[in-house]
Protein chains: 2
Amino acid sequence: MTDATPDITRERILNQALVQFAGVGFEGVSMRQVAAAVGVTVAALYYHFPDKEQLYLATVAYGFNRRLPPLMAALEHFSDPWDRLSAFITEFTAVLAADADFQRIMQWVLLDTDDERTKTLTQSLFAPFFDEITGLMQKLNPGKEVHWLAVSIIGLAVFPFETRFARRLLSGYRSPRQYPDELASHILSLLRGSLMHHSSSSRP
Amino acid sequence: MTDATPDITRERILNQALVQFAGVGFEGVSMRQVAAAVGVTVAALYYHFPDKEQLYLATVAYGFNRRLPPLMAALEHFSDPWDRLSAFITEFTAVLAADADFQRIMQWVLLDTDDERTKTLTQSLFAPFFDEITGLMQKLNPGKEVHWLAVSIIGLAVFPFETRFARRLLSGYRSPRQYPDELASHILSLLRGSLMHHSSSSRP
DNA sequence: GTCTATACCATGATAGAC
DNA sequence: GTCTATCATGGTATAGAC
């Protein structure tokens, strides 16, 4: 691209759209609301995006690409599989705690049953992320049910955030946003007992 | 109630509404669509329910009360805490696998941030369920982070279903609906390593 | 208890001026 | 690149006949 346009408005739109879509989902947000939040008219939105669907897809990609690539990059520093898993849990819970919009937009994507949208978003955004964890499981627990293991580990990190709003009203509530490290330690201690059997790691 | 009216239409409405709300959520469903699915007019819906919000609340309660009480009742047969946990995992995954509407309506409720709705639904439907699991953790692992443990266990069962639609497109996919027992064994073997340390159970 | 008919409003989207 | 103005559609909800 020889174009050096800052596309400042486009970014402002994406920022506001992310907050709104993360909050109430695709159907819950109107183009008027997004426009009002940005401080432009609806027509301006349609200049930057062909329709609501494309705005949504661009918004989800925007929200994911701000968080997932840096997260995966941080794992590169660790070569030992257990250290890598440990770093993943710590970093992932920290990201989920720090960016509620990222956490919630992911939740909306998972509930979506539109084939087209799911295909696009899953393959471009989830796949590399998930494959990394699956590969890690392969090293830690060769030959075992690596798929279920990967799902379990991601779920252990994500589910406490997904249920955060409802759990406020339940007995013994602990906030994963206030105590992300407490959550990370809990998950790691849970996994230690089960994953260390075949591990080649030197961790106690 | 001296009234013996079968309320047959009301039940038919709830059945259809459950399918629709479970599929695309509160905002995604129109009263017109529900009416069409039931085979009545919109006005008939408003005879049985004051507005869309109340129809939704009644629908969620309907979907939950069909599944959760029987599930909890089945646990009564086991007195040993580990046996009880084991039964819970097995039964819960079986219910989630058999009733996709129940599984998905739960997911929608968790994403909802309406204070009024969340308060009502969480306290009446989730609380007894969650307290049972927390109490179980108290017995299995006295003094430990029982809240995080309960969340982890429920998440291990629920998350594979929540991600089912997206995971179809990922490498090594296993369907929790096709293999609920495989999932249950996986979860139990994961937990065995971590929870048996202080257990008073006689299980190997 | 269910219908027809309709009020009223918000939505996604577009045309054309500037 | 952003605006004003407008359109067609579909949303929730109600009144009143049967």
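Throughout, protein chains are lettered first and strands after them, A, B, ... in sequence-line order, and every chain is numbered starting at 1.
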message: Under the criterion side-chain contact (heavy atoms from CB on, under 4.5 Å), I'd like the reasoning laid out for B:Val151 against B:Phe130: C-alpha separation, chi angles, the key distance, then a yes or no.
response: CA-CA 8 Å; B:Val151 174; B:Phe130 189 78; 4.0 Å; yes
Remember a base hit wins even if backbone is also touched, and classify [X] as base, sugar-phosphate or nothing at under 4.0 Å, heavy atoms.
X: A:Val34; result: nothing
X: A:Ser30; result: sugar-phosphate
X: A:Val38; result: nothing

Report yes if a side-chain nitrogen or oxygen of [X] is closer than 4.0 Å to either non-bridging phosphate oxygen (OP1 or OP2) of [N]; otherwise report no.
X: B:Thr41; N: C:dC3; value: yes
X: A:Gln33; N: C:dT11; value: yes
X: B:Thr9; N: C:dT2; value: yes
X: B:Tyr47; N: C:dT2; value: no

- request: Could you tell me if the ring centre of B:Phe126 sits under 6.0 Å from that of B:Phe64?
  value: yes
query: Ring centres of B:Phe92 and B:Phe161 under 6.0 Å apart?
result: no
Round to a whole Å and report the spacing from [atom1] of [X] to [atom2] of [N].
X: B:Met31; N: C:dC9; atom1: CE; atom2: C1'; result: 17 Å
X: B:Gln20; N: D:dT12; atom1: CD; atom2: P; result: 11 Å
X: B:Gln54; N: D:dT12; atom1: CD; atom2: P; result: 15 Å
X: A:Tyr46; N: D:dC3; atom1: OH; atom2: P; result: 15 Å
X: B:Leu45; N: D:dA13; atom1: CG; atom2: C1'; result: 12 Å

- request: Would you indicate which nucleotide in C:dC3, D:dC3, C:dG12 comes nearest to any side-chain atom of A:Lys52?
  value: C:dG12
- request: Indicate, yes or no, whether a donor-acceptor pair under 3.5 Å links the base of D:dG10 to the side chain of B:Arg32.
  value: no
query: Any side-chain donor paired with an acceptor under 3.5 Å for A:Thr9 and A:His48?
result: no
message: Can you work out whether A:Glu27 or A:Ala43 has the more 5'-proximal nearest nucleotide on DNA chain C?
response: A:Glu27
query: Looking at B:Phe165, is B:Arg104 sitting on its ring face, NZ or CZ under 6.0 Å from the six-membered ring centre and within 45 degrees of the normal?
result: no
